[in-house]
Number of protein chains: 2
Amino acid sequence: MQFMKIEDEIKQPTFQNPYQKVYINLVYTAGWLAQRQAEIFRPYGITLPQFNILRILRGQHPKPATVNLLIERMLDKTSNASRIVDKLEAKALVTRTTCPSNRRAVDIRITEAGLALLHQMDETALRQPIGLQNITPEEAAQLSELLDKLRG
Amino acid sequence: MQFMKIEDEIKQPTFQNPYQKVYINLVYTAGWLAQRQAEIFRPYGITLPQFNILRILRGQHPKPATVNLLIERMLDKTSNASRIVDKLEAKALVTRTTCPSNRRAVDIRITEAGLALLHQMDETALRQPIGLQNITPEEAAQLSELLDKLRG
DNA sequence: TGACATTAAATGTATGTACATATATTTGCA
DNA sequence: TGCAAATATATGTACATACATTTAATGTCA
């Protein structure tokens, strides 16, 4: 076996049952992926949540998006989109203007600089796989199926 | 099919390839598990990282542990054990004393209150599965294997 | 021995999550 | 019409991660 089993990674030789093991394995693997992801993003000065919001805004472009729309489309729906937009605005990657037809809402738009950054990332960072080159497409599909089933 | 596929959960009908899909599925599922975990822990006033450190300290008890040992044993090795110990100390669940044989190091010990809390959680919160009742033990083992393989 | 590197832990700063609350605007209905 | 409920966003607080820097103690070796 050429890869590190979870027992070795966390130096815990046994688990009470396969459920406890897969739980720890999932948490560990997600953290492992997040760390690799962060490394790829670091040179570009944005984080994964910021990238995800930029991608949604590019999808809407040139139409604006509201915070509500961002929350709907985000992976983690409970996160705080408003403050992530703060960061993107500070870097001039997005603009915020009051929505004319509903002054409670805010129109958020990706700027040219934001589009250029995404384009640059498309060409470089996102070309490389995120660390999933060790499994076959079939195994990836099987893994997805098991995860879906796990969540009920 | 009685469960929600990831496509439905995040309302994205298609993915570029099974790798992108399994990546998003992993991140999503780990977040889903973390949220369920947090709900179970909330009544006890501690978080998952705090719980993990308490468990390590119980494993050492009555011997002390140093911050270094905690970092080694923790799931996420880059996290900040020192500050998590701060929180546990504030709740009087652990004590900190300078290590007599190496005054750079700090001896951290679980208190009686800490042991009592863990014992109470053993009897209640940890009896219930964390949300993994939807897969069989065999599927759990298969999932663990795929995750190990994914990390290379 | 004494300067310098190493080690152990703590701290500073930026970012993000989770949850509650605040503020402003709009909607709905008595 | 006017007032309460709902909506859209922002803000406050606690906690955690990530990474760099600081402080103190210990090792090392010329």
Side-chain angles (χ1 to χ4, degrees), chain A residues 27-28 30-54 64-72 74-91 93-108, chain B residues 27-28 30-54 64-72 74-91 93-108:
Chain A
V27 172
Y28 182 84
W32 179 86
L33 274 174
Q35 212 161 331
R36 296 181 66 112
Q37 181 74 267
E39 267 166 47
I40 294 174
F41 278 18
R42 196 167 309 132
Y44 300 94
I46 64 171
T47 63
L48 178 58
Q50 291 172 14
F51 174 75
N52 284 331
I53 283 189
L54 274 188
T66 62
V67 170
N68 251 350
L69 185 142
L70 294 179
I71 292 172
E72 267 173 34
M74 279 169 73
L75 268 191
D76 190 336
K77 307 213 196 305
T78 66
S79 82
N80 204 327
S82 191
R83 271 184 270 230
I84 299 173
V85 172
D86 286 348
K87 305 296 156 56
L88 292 171
E89 197 184 14
K91 293 172 202 159
L93 300 173
V94 309
T95 60
R96 256 202 277 229
T97 51
T98 304
C99 172
S101 65
N102 179 352
R103 289 190 309 177
R104 284 172 302 186
V106 171
D107 281 345
I108 303 159
Chain B
V27 173
Y28 182 83
W32 180 86
L33 274 174
Q35 213 161 331
R36 296 180 67 114
Q37 182 75 265
E39 268 166 47
I40 293 174
F41 279 19
R42 198 167 308 134
Y44 300 94
I46 64 171
T47 63
L48 178 58
Q50 292 171 13
F51 174 75
N52 284 332
I53 283 189
L54 274 188
T66 62
V67 169
N68 252 349
L69 185 142
L70 294 179
I71 291 172
E72 266 173 35
M74 280 170 70
L75 268 191
D76 189 335
K77 307 214 197 305
T78 66
S79 81
N80 204 327
S82 191
R83 271 184 270 229
I84 298 173
V85 171
D86 286 348
K87 303 296 155 59
L88 292 171
E89 197 185 13
K91 293 174 201 157
L93 300 173
V94 309
T95 61
R96 258 202 277 226
T97 52
T98 304
C99 172
S101 65
N102 180 351
R103 289 188 310 176
R104 283 173 302 186
V106 171
D107 280 345
I108 303 159

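So that the names make sense, note that chain A is the first sequence line, chain B the second, and so on, each numbered from 1.
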Judged by each residue's nearest nucleotide on DNA chain D, which is more toward the 5′ side, A:Asp86 or A:Ala105? A:Ala105
Is B:Asn102 touching bases, backbone alone, or none of the nucleic acid, heavy atoms closer than 4.0 Å? sugar-phosphate
If the cut-off is 4.0 Å, is B:Gln35 near the phosphate of C:dT17, judged by side-chain N/O to OP1 or OP2? no
Comparing B:Asn80 and A:Val85 on DNA chain D - which has the more 5′ nearest nucleotide: A:Val85
Please examine the side chains of B:Leu93 and B:Lys87, heavy atoms only from C-beta on, and report whether any two atoms are closer than 4.5 Å. no
Rounded to the nearest angstrom, tell me the gap between atom NZ in A:Lys91 and atom P in C:dA14. 12 Å
Against the side chain of A:Val67, the closest entry in D:dT17, D:dT26, D:dA10 is D:dA10
CG of A:Leu33 versus P of D:dT17: gap in Å, rounded? 17 Å
note: A:Leu88, atom CG; D:dA10, atom P; distance rounded to Å ~ 13 Å
Using a cut-off of strictly less than 4.0 Å, decide whether B:Arg83 has a side-chain nitrogen or oxygen near OP1 or OP2 of C:dA9. no
Could you give the CD1-to-P distance, from A:Ile71 to C:dG16, as a whole number of Å? 15 Å
Can you see if the side chain of B:Asn68 gets near the phosphate of C:dA8 - specifically, an N or O under 4.0 Å from OP1 or OP2? yes
So does B:Arg104 get a side-chain nitrogen or oxygen closer than 4.0 Å to the phosphate oxygens (OP1/OP2) of C:dT6? no
Measure from CZ on A:Phe41 to P on C:dT15 and round the result to the nearest Å. 16 Å
In whole angstroms, the gap separating P of D:dA10 from CG of A:Leu70 amounts to 10 Å
Do B:Thr95 and B:Pro64 come close enough that some side-chain heavy atom pair is under 4.5 Å? no
If only side-chain N and O atoms of A:Arg96 are considered, is one of them under 4.0 Å from the OP1 or OP2 phosphate oxygen of D:dA10? yes
Determine: side-chain N/O of B:Arg42 to OP1/OP2 of C:dC19, distance under 4.0 Å, yes or no. yes
I want to confirm an ordering. Mapping B:Ile108 and B:Ala38 to their closest nucleotides on DNA chain C, which one lands closer to the 5' end? B:Ile108
Roughly how many Å is it from CD1 in B:Ile84 to P in D:dA18, rounded to a whole number? 11 Å
B:Gln50 atom CD is separated from C:dT17 atom P, nearest whole Å, by 19 Å
Judged by atom type as modelled, is there a donor-acceptor pair below 3.5 Å linking the side chain of A:Lys91 to the main-chain atoms of A:Gly45? yes
Hey, which of A:Ile53, A:Leu70, A:Leu69 is the one that makes side-chain contact (heavy atoms from CB on, under 4.5 Å) with A:Ile108? A:Leu70
Are side-chain heavy atoms of B:Arg96 and B:Ser82 found at a separation under 4.5 Å? yes
